[in-house]
Peer 1: 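Submitted below is the structure of interest, expressed as structure tokens.
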There are 2 protein chains.
Amino acid sequence: MADVTLRDVARVSGCSVATVSRVLAGTRPVGAETARRVREASEALGYRPNHAARALRSRSTGTVGLVLPQITNPFYPTLVRELTHALHAEGRAVLLADCDDDPVAEAEYIADLLGRQVDALLVIPAHEERSRDAVTAAVARVPLVLMDRGCGPAVADSVAVDNTAGMALVLDHLAATGRRRVCFLGAAGTASTATERRGAYAAGAAALDPGAPDRVALGDFSVEWGRAAVDEVWPTRPDALVCANDLIAVGALQRLQQLGVDVPGDVAVTGFDDIPMAALSAPGITTVRQPVAELAAEAARLLARRLAGGEEGPRQAIRLAPELIVRESSAPSTASRPSGTVPAPGGGRRAVPTQTGPSAPA
Amino acid sequence: MADVTLRDVARVSGCSVATVSRVLAGTRPVGAETARRVREASEALGYRPNHAARALRSRSTGTVGLVLPQITNPFYPTLVRELTHALHAEGRAVLLADCDDDPVAEAEYIADLLGRQVDALLVIPAHEERSRDAVTAAVARVPLVLMDRGCGPAVADSVAVDNTAGMALVLDHLAATGRRRVCFLGAAGTASTATERRGAYAAGAAALDPGAPDRVALGDFSVEWGRAAVDEVWPTRPDALVCANDLIAVGALQRLQQLGVDVPGDVAVTGFDDIPMAALSAPGITTVRQPVAELAAEAARLLARRLAGGEEGPRQAIRLAPELIVRESSAPSTASRPSGTVPAPGGGRRAVPTQTGPSAPA
DNA sequence: CTGAAAGCGCTAACAT
DNA sequence: ATGTTAGCGCTTTCAG
């Protein structure tokens, strides 16, 4: 309450402010007895360092800015949580900015955060191209790590899941469970998550069926698009819908159920990200889980490295391996129907089960 | 990049640092011509105020701390978004701390944020009692607004939805659609959201059925509990499950579907909060929508008031009215099935629809 | 190992 | 209306 300063601690412990500073920061060796007295006094007075003063003097605020496109995107809360925890563990605080998918707002937030002397920036760019200038400008001022999405080649250090590997996990799984007429419900646009996932689909789907790479519908990463996409592709009678993220999968599932289509009997549905809703949906959605805690830890590590080692060293692009989470939405089409369910009207061939756990690694 | 300071601007524009400061902050009248020169120089040099210095001197960082229990609780992302937008609009930045439902961590974050000289604190307390000391201590140092949950009587200004009114909306709706054997799936514990909602249920349910106030199962605010709670209450054959939040409702719905129970034919299910999942669930969940944007705006307003007007004025406890969102999960039990849907096997009586929009006010 | 002193960049008295 | 000056609380030379 009463703002206790270094001077107060110095007075009470009977030494100079310099000594107190050294004890508390551990910057330089201090006599054991003196150190004890200082710590005692500091404790007794309830001393709290004034970060503003410290920042002014040491040019470091112990603060990092986190700029993201939409906290309401269900993939981000978990990421934010892991990031804040990782950074707090290093004694840093997190300034949060939600730019609402607007690159202009994003640029303003970045500028504002730089003005507030953040030590570093963590950015999930809102747009592949339109975020680039602001990010590039920021990179020149502070360490900056890009997360989740890219923003041009080698613009900054980056950490993301290996989307290509994730899509391969899905396709392998579908192949192994007898699906052939797969079809991709993806997102148009240049976001790296969109391009990488659809690229990986195109590359891998040919192994299932020569026609598969062309069975692609592109919209955005939303539930609404998932619903609409089903109407677009259903006439081609696919036996699996590979969705570019879980929201699309949720939408697809809804529309299929509305149409009376049996999932997974008639068609399998898969997602990407493993947002909470994927597990809670009925049927549960088979998806690719991003290693969120590890992504956060890597980002924090990269930042720490730049903050310590200065600017040197080449840009790093870290890709972490995802994990396939198998749920009911992709149970083999050959599976017998669970009891308590009614056969769909369209009627489809189906037979022997192969084995499907609620969650199995690839 | 090159750190331009007030002095540089002063030198170039040919006046004193004080004048420059006054021009840029607009604190005091300055000659038009001088002001122009200053602004020009500042522009030309790319001057960026140093917030650390400003904070040290003026004892105001333009920063507010936001402490919450769990960003992964699906109700909070929207709130966080609205709060950050409201505060950014006033030129403040937001320091985020997720205490992971741990009052001890919460206390540490609060102390840390105070050390970082936040101008104010926004706290969603993790615990009704165990958060109190930290909050009380913080209230003595900076303006503080409690959100969503309480933390003892009149500890600080607070903003929350009117839980009692919300529960009344639900009960009225159920009564109007012919439900009588209602039953409450709530949360034990002393969080205000838990106590107020179950209190309101107990108070209002008697109007439907004398036995209703006693048909109560208490657990926590989770999907898992929703599932378990169904097993606990289903033997009493209720025709409506009033859930204390949407997560419980989602769990209840899942378990009911697993049991082959028809919703809303056999039983209606309602939630509270209107998290995104409530709309996306199948059937959509009837729920009570919190006026999130308004809650955020009120909180920002309260903070601004304290920040401007000093400490004076009595503590305010603002309660905002919620809105009932009617979805399929509570359609009258007499409703006919939408076309394109397959009859469930368990077979339940059902008939004419009354009218159900995807979203209707009470 | 410790103390004295010089600011970090800015704002707010206090002069003029 | 403008300039001068004194710090905000801390870290960090530089002496001792």
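Convention: sequence-line order gives letters A, B, ...; per-chain numbering from 1. In this text the structure is predicted, and so the values were computed from the model without any measurement.
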Peer 1: On DNA chain C, compare the nucleotides closest to B:S21 and A:A18; which residue's is nearer the 5' end?
Peer 2: A:A18
Peer 1: Among D:dG9, D:dC10, C:dG3, which nucleotide sits nearest the side chain of A:L6?
Peer 2: D:dC10
Peer 1: If you look at every strand shown and take non-hydrogen atoms under 4.0 Å, does A:T5 touch a base, only sugar-phosphate, or nothing?
Peer 2: sugar-phosphate
Peer 1: NA contact type, B:R59, heavy-atom cut-off 4.0 Å: base, sugar-phosphate, or nothing?
Peer 2: sugar-phosphate
Peer 1: Tell me: CZ of A:R7 to P of D:dC8, nearest whole Å?
Peer 2: 7 Å
Peer 1: For B:R36 and D:dA1, what is the distance between atoms CZ and P respectively, to the nearest whole Å?
Peer 2: 17 Å
Peer 1: Let's test your reading of the model: under 3.5 Å, does the base of D:dG7 pair with the side chain of B:R57 as donor and acceptor?
Peer 2: yes
Peer 1: Nearest of D:dT11, C:dC10, D:dT13 to any side-chain atom of B:A53?
Peer 2: C:dC10
Peer 1: So if I take every side-chain heavy atom of A:T27 and compare against D:dT12, D:dG9, C:dC10, which nucleotide ends up nearest?
Peer 2: D:dT12
Peer 1: Measure from CZ on A:R28 to C1' on C:dG3 and round the result to the nearest Å.
Peer 2: 11 Å
Peer 1: Rounded off to whole Å, could you give me the CD-to-P distance for the A:Q117 and C:dG9 pair?
Peer 2: 10 Å
Peer 1: Does the C:dG3 base have a donor-acceptor partner in the side chain of A:R22 within less than 3.5 Å?
Peer 2: yes
Peer 1: For A:L56 and C:dT11, what is the distance between atoms CG and P respectively, to the nearest whole Å?
Peer 2: 12 Å
